[in-house]
*Asks:* 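Provided herewith is a single structure, encoded as structure tokens, for subsequent inquiry.
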Amino acid sequence: MTADVAESVRGRDLLAYRDEFPLLSNATYLNTCSLGALPRRGRAKLHEFLDQWERLGASAWYGHWMAELGALREDFGWVIGRPGSEIALAPNVSVALASFASALDPLHRGDEATTRALGEALDWRPSRGAPSRTRVVTTALDFPTLGHQWLARSPLGVELVVIPSPDGLTVPLDSFASAIDERTALVATGHVYFTTGAVQDLPGLARLCHERGALLLADAYQATGLIPTNAAALGVDAYVSGSLKWLFGGPGTAFLWLRPAVRQALVPTTTGWFSGSRQFEFDVASLEFADDGRKFEMGTPAVPSAFLARGGMSLVREIGVEAMHARTVELGASAIRLADAAGLEVRAVRDDAQRAGMLGIRSATPRAVVAELAAQGIIVDARPDIVRLSPAFYNTESEVADAVEAIARVARAGP
Ligand SMILES: Cc1ncc(COP(=O)(O)O)c(C=O)c1O
């Protein structure tokens, strides 16, 4: 933690925000990496949507909702250090990925114009007679939907390469280095891995990809709202994330950001009428893409979810990502210390600078442990072989201690 951030965490009472989250008075909630708790202002925003719909019907689109969608693009742009005009909204990360993946299909086929345009965007000169870029590289620690986009394209000749994690926690750059070659179109991996909390070195990985003419996409679902980010400075070409977890905005809203040169070089082959530059001319016979982030949008957005997401974003903007991150990492470190002391087997990155919002405690029966804790009002999560804990800025040291103690009690009692 830097001195400035430490000061900002101490200097402000983050726990005063607990009252924003009614869930926290009913349960010990340590599962933000699955679903952030609902803030009161999210509920208020949803009511605002309902009131507008009830009062105005379709006029709400022009009077309010299009502006709200624009404001949400600005919010998402702000949280990744980019202008809102570079953001494409999507209902979930899978749709955002599908739209991006569709634009790579011509590259996989060896289409010359796409290969040339991307080469220029990456400052890369393809050698004569180079093979088509049919491969996408991901890792064994990544969220399934990331690999699934390209597994679903295997009938088109796309091959998914899955790199193992040598320690079950991280995937070092060396492992990527041996997997990326002139057949690689894309490396798609997490900014933060969803079971281990390990932070990936994206600038280093971007250099590695670009030296070999491959694109880099980061799935930032477990990073956005937690890791202070400037997507362009990370060097990534594509960045996807959403409101569900560390943005406290509930399901139904996600986004895609593309580096502007890459966005210009790519043309989606899966689309919808919100991506057009002349959307309200209703011309079925022509398609001109918007020249900003909306190029990768699809159809009618989930407006109630956009309102909810704006409620969460107002909180994130007010508190600031640095303060949330510092407190989250501090609570994670406490959980690791307590679990070590209780003799539990911790599966987490030890270095605070390399760990984000979650840690695992090894268990042979994680689902049973999660159910036992839920019966005691402690909400944690199960993933294969681990009980996953994710303290957030709104949790207390004693909540973390209670959860670790409850896990230790269940472990002592045995199966
Ligand atoms: C790293 C990561 N990516 C993606 C998702 C979800 O993807 P989608 O929005 O398509 O459901 C999650 C969690 O739900 C996640 O943890």
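We count ligands from 1, going down the list as the structure has it; atoms in each ligand are counted the same way.
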*Asks:* Do the rings of F255 and F76 sit parallel, tilted or perpendicular, given the 30° and 60° boundaries?
*Replies:* parallel
*Asks:* Can you confirm, on distance only, whether ligand 1 has an N/O atom lying under 3.5 Å from any N/O atom belonging to S94?
*Replies:* yes
*Asks:* In the protein, what heavy atom is nearest to atom 4 (C) of ligand 1, and what distance, to one decimal place, separates them?
*Replies:* F143 CD2, 3.4 Å
*Asks:* Measure the acute angle between the ring planes of F274 and W61, then classify it against the limits of 30° and 60° as parallel, tilted or perpendicular.
*Replies:* tilted
*Asks:* Look up atom CD in E345 and atom CG in D340, then write down how far apart they are to the nearest 0.5 Å.
*Replies:* 10.5 Å
*Asks:* To which protein heavy atom is atom 9 (O) of ligand 1 closest, and what is the distance rounded to 0.1 Å?
*Replies:* V93 N, 2.9 Å
*Asks:* Return the CG to CZ distance between L89 and F296, rounded to the nearest 0.5 Å.
*Replies:* 14.0 Å
*Asks:* If you measure from atom 12 (C) of ligand 1 to every heavy atom of Q222, M358, H191, K245, which option wins on shortest distance?
*Replies:* K245
*Asks:* When you measure from atom 3 (N) of ligand 1 to every protein heavy atom, which one gives the shortest distance, and what is it?
*Replies:* D219 OD2, 2.7 Å
*Asks:* Would you call R409 and E405 a salt bridge, using N to O less than 4.0 angstrom?
*Replies:* yes
*Asks:* Do the two ring centres, one from F248 and one from Y17, sit under 6.0 Å apart?
*Replies:* no
*Asks:* Under 4.0 Å, heavy atoms only, figure out whether ligand 1 is touched by the backbone of N92, its side chain, both or neither.
*Replies:* both
*Asks:* Looking only at distance, does C33 have an N or O less than 3.5 Å from an N or O of ligand 1?
*Replies:* no
